Undergrad: 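Mind looking over this structure? Questions follow.
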Protein chains: 2
Amino acid sequence: MAERNTRQKRAIQAVLATAEAPLSVRDILLAARRDVPSLSQGTVYRVLKALTAKGRVAIVQLPGEVPLYEVAGKSHHHFFRCRKCDHMYEIEGCSKVLRHLVPDEFQLEDHEIFLFGLCPVCR
Amino acid sequence: MAERNTRQKRAIQAVLATAEAPLSVRDILLAARRDVPSLSQGTVYRVLKALTAKGRVAIVQLPGEVPLYEVAGKSHHHFFRCRKCDHMYEIEGCSKVLRHLVPDEFQLEDHEIFLFGLCPVCR
DNA sequence: GTCGTTGCAAAGCGTTTGCAGCCTA
DNA sequence: TAGGCTGCAAACGCTTTGCAACGAC
């Protein structure tokens with residue numbers, strides 16, 4: 001019943017903790033294998049699923065792309081994706097004006113915003 | 001070279017044209033088979049891909065779900081998804097305030113907004 | 001020693017694609 | 001009749017899962 005603290009879990013969480021941008025399963029697998037070379041894909045999926053269920057990891061799902069993972073608990077934010085270099089920038093804060101988009105009869109609980117364009121470097 | 005006007009394409013476009021909400025590939029396949037029973041999944045994918053490339057169809061990609069398709073050319077809008085009945089409502093208009101979310105050095109070109117909550121019926 | 005966890009490989013699911021025959025123009 | 005289009009089925013990429021061995025406690 002008690003959850004166990006394994007090398008695999010520690011390696012995966014360490015990778016997520018030190019990442020500066022959301023990572024794909026492949027990214028996580030390759031990075032974590034530097035600590036635990038025998039790490040398998042299946043384990044990465046299982047550990048991520050468990051961490052997500054516990055609310056310790058958040059999924060960043062861009063339209064038409066594979067899901068990315070980041071540590072949860074950061075302040076509410078969204079992402080800006082540069083269409084040239086593909087880099088993802090975190091956008092802090094979030095417009096209160098969203099509430100006015102929907103009629104009052106709707107009860108707005110959550111939202112996702114993805115911004116696309118050119119970043120300062122690529123302009 | 002010249003594109004041909006087949007029963008399959010007509011059936012698929014008719015389904016999209018009369019749909020009141022974005023449809024999945026499965027939805028489209030089942031509906032279009034009422035006109036063309038022999039219609040195959042592969043053809044649906046190919047026709048949708050072609051229509052999308054020509055800008056006649058738009059993809060609605062909700063995080064973690066299969067893509068949905070709708071006729072393009074509607075006025076700019078986003079979606080509100082009821083987390084209880086799963087119905088999707090179109091939200092007209094879109095906040096200009098988005099531009100203020102990103103620093104001036106970023107060149108904002110496009111965006112996606114998904115709203116989640118309870119619709120008037122389910123509240 | 002127990003039993004949660006892992007690696008492996010097979011299976012699952014949505015989507016793409018090669019190919020031979022079909023049918024629109 | 002030409003060649004774009006279709007149905008079929010195999011292949012593909014990502015994710016899940018069954019199972020026996022492993023290892024944290």
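Chain letters run A, B, ... following the sequence lines, proteins first, then strands; residues in each count from 1. This is a predicted model, so every value here is computed, not measured.
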Undergrad: Look at the side chain of R7(A) and the base of dG23(D), then say whether one donor and one acceptor between them are separated by less than 3.5 Å.
TA: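 Absent.
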Undergrad: If you pin Y69(B) and R10(B) to their nearest nucleotides in DNA chain C, which one's is more 5'?
TA: Y69(B)
Undergrad: Would F80(A) and F116(A) count as a close aromatic pair, with their ring centres under 6.0 Å?
TA: no
Undergrad: Could you state the interatomic distance from OG1 (T52(A)) to OH (Y69(A)), rounded to the nearest 0.5 Å?
TA: 6.0 Å
Undergrad: In whole angstrom, what separates L48(B)'s CG from dC5(D)'s P?
TA: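 Taking atom P of dC5(D) as the reference, CG of L48(B) is at 15 Å.
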Undergrad: Counting only heavy atoms not in D86(B) (residues, nucleotides, ligands), do more than 12 fall under 6.0 Å from its CG?
TA: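 Enclosed: over 12 neighbouring heavy atoms sit under 6.0 Å from CG of D86(B).
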Undergrad: Can you tell me if the side-chain N/O atoms of T43(B) get under 4.0 Å from OP1 or OP2 in dG7(D)?
TA: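 Yes, within the criterion.
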Undergrad: How many whole angstroms separate atom CD of E3(A) from atom C1' of dT6(C)?
TA: 14 Å
Undergrad: When we call it a touch if two heavy atoms are under 4.0 Å apart, what does P67(A) touch: a base, just sugar-phosphate, or nothing?
TA: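 The residue P67(A) makes sugar-phosphate contact but no base contact.
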Undergrad: Whole angstrom is fine here: how far is it from NZ in K49(B) over to P in dT15(C)?
TA: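 These atoms are roughly 12 Å apart.
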Undergrad: Would you indicate whether the side-chain heavy atoms of E70(B) and L16(B) approach each other to under 4.5 Å?
TA: no
Undergrad: OP1 or OP2 of dT6(C) sitting under 4.0 Å from any side-chain N/O of T6(A)?
TA: yes
Undergrad: Mind calculating the distance between CG (L39(B)) and C1' (dC8(D)) to the nearest angstrom?
TA: 13 Å
Undergrad: Expressed as a whole number of angstroms, how long is the span from K54(B):NZ to dG4(D):P?
TA: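 It is 14 Å, rounded to the nearest whole Å.
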Undergrad: With nearest nucleotides of DNA chain C determined for S38(A) and Y45(B) from heavy-atom distances, which residue corresponds to the more 5′ nucleotide?
TA: S38(A)
Undergrad: Ignoring backbone atoms, establish whether K9(B) has a side-chain N or O less than 4.0 Å from OP1 or OP2 of dT6(D).
TA: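 It does not, given that no N or O in the side chain of K9(B) lies less than 4.0 Å from OP1 or OP2 of dT6(D).
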Undergrad: Whether E105(B) and R123(A) form a salt bridge (side-chain N of Lys/Arg under 4.0 Å from carboxylate O of Asp/Glu) is what I want to check.
TA: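 Salt bridge between R123(A) and E105(B), a charged N being under 4.0 Å from a carboxylate O: no.
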Undergrad: Using a cut-off of strictly less than 4.0 Å between a heavy atom of the residue and any atom of DNA chain C, enumerate the qualifying residues of residues 24-33 of chain A by number.
TA: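 Going residue by residue through residues 24-33 of chain A, none turns out to have a heavy atom under 4.0 Å of DNA chain C.
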Undergrad: Counting only distance, no hydrogens or angles, is the base of dC3(C) paired donor-acceptor with the side chain of R4(A) under 3.5 Å?
TA: yes
Undergrad: Between H76(B) and H111(B), does the ring pair (Phe, Tyr, Trp, His ring centres under 6.0 Å) criterion hold? Intermediate values first, please.
TA: CA-CA 11 Å; H76(B) 180 72; H111(B) 63 268; 5.0 Å; yes
Undergrad: Has Q8(B) got a side-chain N or O lying under 4.0 Å from the OP1 or OP2 atom of dG7(D)?
TA: yes
Undergrad: Among the candidates dC14(D), dT6(C), dG7(D), find the nucleotide nearest to the side-chain atoms of V66(A).
TA: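 Nearest listed nucleotide: dC14(D).
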Undergrad: If you measure from CZ on R81(B) to CG on D110(A), what distance do you get to the nearest 0.5 Å?
TA: 14.0 Å
Undergrad: Quick check: any donor-acceptor pair below 3.5 Å linking the side-chain of R46(A) to the base of dG7(C)?
TA: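 A donor-acceptor contact between them is present.
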Undergrad: Grab the CD1-P distance between I12(B) and dC5(D) for me, whole Å please.
TA: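 Nearest whole value for this atom pair: 12 Å.
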